[in-house]
Amino acid sequence: MRTPLEQRVLESMRRSRTILPGSRVGVAVSGGADSVALLRILESLANELGITLLVAHLNHSLRGAESEVDAAFVEKLAKESGLQFVQRVEDVGSEAEREGWNLEDAGRRLRRRFFDGLVAEGRADRIAVAHTADDQAETVLAQVMRGTGLAGLAGIYPVAEPVVRPLLEVRRQDLREYLRAIQQDWREDATNGDTRRMRARIRKDLLPLIERDFSPAIVGHLSELARFAREEEEFWNTLVEERFQTVARNVHEELRIAAADLLTPLRIQDGSDAPCNTPGPQCETKAPARTVTERLIRRLYEGVRGDRRELSAQHVEQVIDLAGNLQSGRAVVLPRAIIVRREFNELVFARADAECSPQIASGTHKCAVTYEYVLSLPLRGTTTVSVAELGKRLSLNLIDWPSAESDTIRASQVLDADLLRAPLILRNWRPGDSYRPRGRRAARKLKQMLLAERVPAEQRATWPVLESGGQVVWALGMAAASDGSASAETRKGLWIRQEAGEDKVESGIAVSGI
């Protein structure tokens, strides 16, 4: 006879079609209470559901002998139930260090690799994991505190092929009570209480505080919020995918889209989103078209790279600015060396290596790295700008002027912050760039200035320059433009300098206030 909890899980799985009859289900069991309860519940429902089970255990090798004891405990559970036991041993710590991941991310990636392998080998159709309603609430809170949009509020999905989560509507405490009722023990992982991790602090401190002092039903409320957000996401994703398939073209592994189609992806009857045939600053997207534009950019990025990780709201805004700029030849560099370039009335999304052209004379290949980022001045103090393409880090220092430290500052390189005009763009040097340096009577080609300063030829194409309101006003190591440099009337000066050492950043440009 089923327990009330088993009946609830059965009804939930039938309602959400989490596990279909005839499925071979790999149950991911760590040895903790949640996963052990998941195994026992699915065992009790297997005949009625018409499914077969196997037990899958990933040994993370993070807790020494404790990890081995966990594996032995899970193997014993499987044998007692007559189920196949599959274990994979991974050195998560070493993998994290080698790949530059944090431990949580490394564990998540290696678990997914393990699960995908079980499916690819035909051992399982789906992998059941034991995320609970509490996990859902913790995830939503963590996303809110990190800063998120609707996609982050969607939290954990009940089905994310091949992974399914049958316990997402069940409280963690209910699972422990269930195990005690059937006299089933489990293993406790001491690292779950490590409050150096934000997730552990949310679990141990924040959620209990909210439940006790603000809303006893907070876990249920957050789970419902996640469900509503998922439904919204499914709608928008369906709409965006239809637009993507309609307006984007795949040409030689590059994705092309008309700037007008990106800026005005919807055709609404009231005419407020009529086609923008001549994109420019006057052609601004509005909600809901703006929402579709932003999501379409993310879909285009995913279409070239394969996922959307590291693409921030700032990157999306840069692509929108590029779409609204009529000047052909401009480009922006997105994380993981994805380049978006403007070609007449089209935007082209491509991998950086697609931009490389053969040098016939030398028999080598040369890749022209270009970048362009819209910057905001710090309200005060310093903003650090890391340029991944160069391995350089620049600091934008807003200083009182005349400066008491003027003897340590090359005054000719300081800009008058009040004279700078939007858009303020940090980009690489381009042929034809010129401006009149401070102290000069006439404009000079930046190429000549680079030659005069003995900048190596291989560095010139990517040399950083600053553009203010469409005009070059500064280049690294050079005197600033005469009509933008600091003077006796200047109140706030902008001093841009390269910091010592190289900054190894993998994603476009990272800006962080200091």
Side-chain angles (χ1 to χ4, degrees), residues 1-14 16 18-60 66-89 107-108 111-112 114-119 121 123-136 156 158-160 162-189 192:
M1 183 175 178
R2 290 192 297 272
T3 68
L5 178 60
E6 292 168 351
Q7 181 63 34
R8 283 172 52 201
V9 174
L10 176 63
E11 292 172 356
S12 174
M13 286 193 292
R14 283 176 170 169
S16 62
T18 305
I19 299 176
L20 302 177
S23 298
R24 293 166 295 176
V25 181
V27 187
V29 183
S30 66
D34 298 348
S35 63
V36 171
L38 173 63
L39 175 62
R40 291 305 188 213
I41 290 171
L42 290 181
E43 278 186 86
S44 72
L45 301 175
N47 289 336
E48 190 162 357
L49 288 170
I51 61 176
T52 58
L53 306 176
L54 69 82
V55 176
H57 177 77
L58 179 66
N59 185 338
H60 293 70
E66 287 293 301
S67 293
E68 300 300 324
V69 175
D70 288 346
F73 173 79
V74 175
E75 184 175 13
K76 181 182 177 184
L77 283 179
K79 287 182 177 179
E80 289 174 350
S81 299
L83 300 176
Q84 181 184 1
F85 173 72
V86 181
Q87 178 184 194
R88 180 163 180 168
V89 179
R108 185 164 47 250
R111 281 193 298 274
R112 188 55 186 259
F114 178 37
F115 298 159
D116 288 343
L118 290 175
V119 173
E121 294 164 8
R123 296 190 182 191
D125 302 314
R126 290 192 167 183
I127 307 296
V129 300
H131 288 119
T132 65
D134 297 82
D135 291 308
Q136 183 72 283
I156 306 171
V159 179
V163 174
V164 295
R165 300 177 172 91
L167 303 182
L168 211 51
E169 298 178 9
V170 180
R171 293 296 305 270
R172 190 177 290 133
Q173 184 58 35
D174 293 341
L175 295 177
R176 280 155 176 72
E177 292 175 1
Y178 169 78
L179 291 176
R180 294 188 187 100
I182 64 173
Q183 298 182 329
Q184 172 65 62
D185 58 347
W186 65 85
R187 296 277 300 166
E188 289 286 0
D189 184 349
N192 288 334

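One is the number of the first residue; the rest follow in order along the sequence.
- Of the possible polar contacts, one joining the H57 side chain to the V29 backbone as a donor-acceptor pair under 3.5 Å is found.
- A donor-acceptor pair is defined here as one N or O able to donate and one able to accept, closer than 3.5 Å; no such pair exists between the side chain of D70 and the backbone of G31.
- A donor-acceptor pair under 3.5 Å is formed between the side chain of D125 and the backbone N or O of R24.
- Take E6 and apply the salt bridge (Lys or Arg N to Asp or Glu O under 4.0 Å) test, not counting sequence neighbours, and it matches no residue.
- Of the charged side-chain nitrogens involved, none lies within less than 4.0 Å of a carboxylate oxygen, so that R171 and E177 do not count as a salt-bridged pair.
- In this structure, the side chain of H60 engages the main chain of L58 through a donor-acceptor pair within 3.5 Å.
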Does the side-chain contact (heavy atoms from CB on, under 4.5 Å) test come out yes or no for D135 and R165, once each step is laid out? CA-CA 11 Å; D135 291 308; R165 300 177 172 91; over 6 Å; no
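- Listed by chain and number, the residues in a side chain to side chain donor-acceptor pair (under 3.5 Å) with T18 are S16 (sequence neighbours excluded).
- Panel note: side chain S30, backbone G32; a donor-acceptor pair is recorded below 3.5 Å.
- In this structure, the side chain of S81 does not engage the main chain of L83 through any donor-acceptor pair within 3.5 Å.
- Atom CD1 of I19 is separated from atom CG of L10 by 10.5 Å, given to the nearest 0.5 angstrom.
- With sequence neighbours excluded, the residues that form a salt bridge (Lys or Arg N to Asp or Glu O under 4.0 Å) with E66 are R63, R187.
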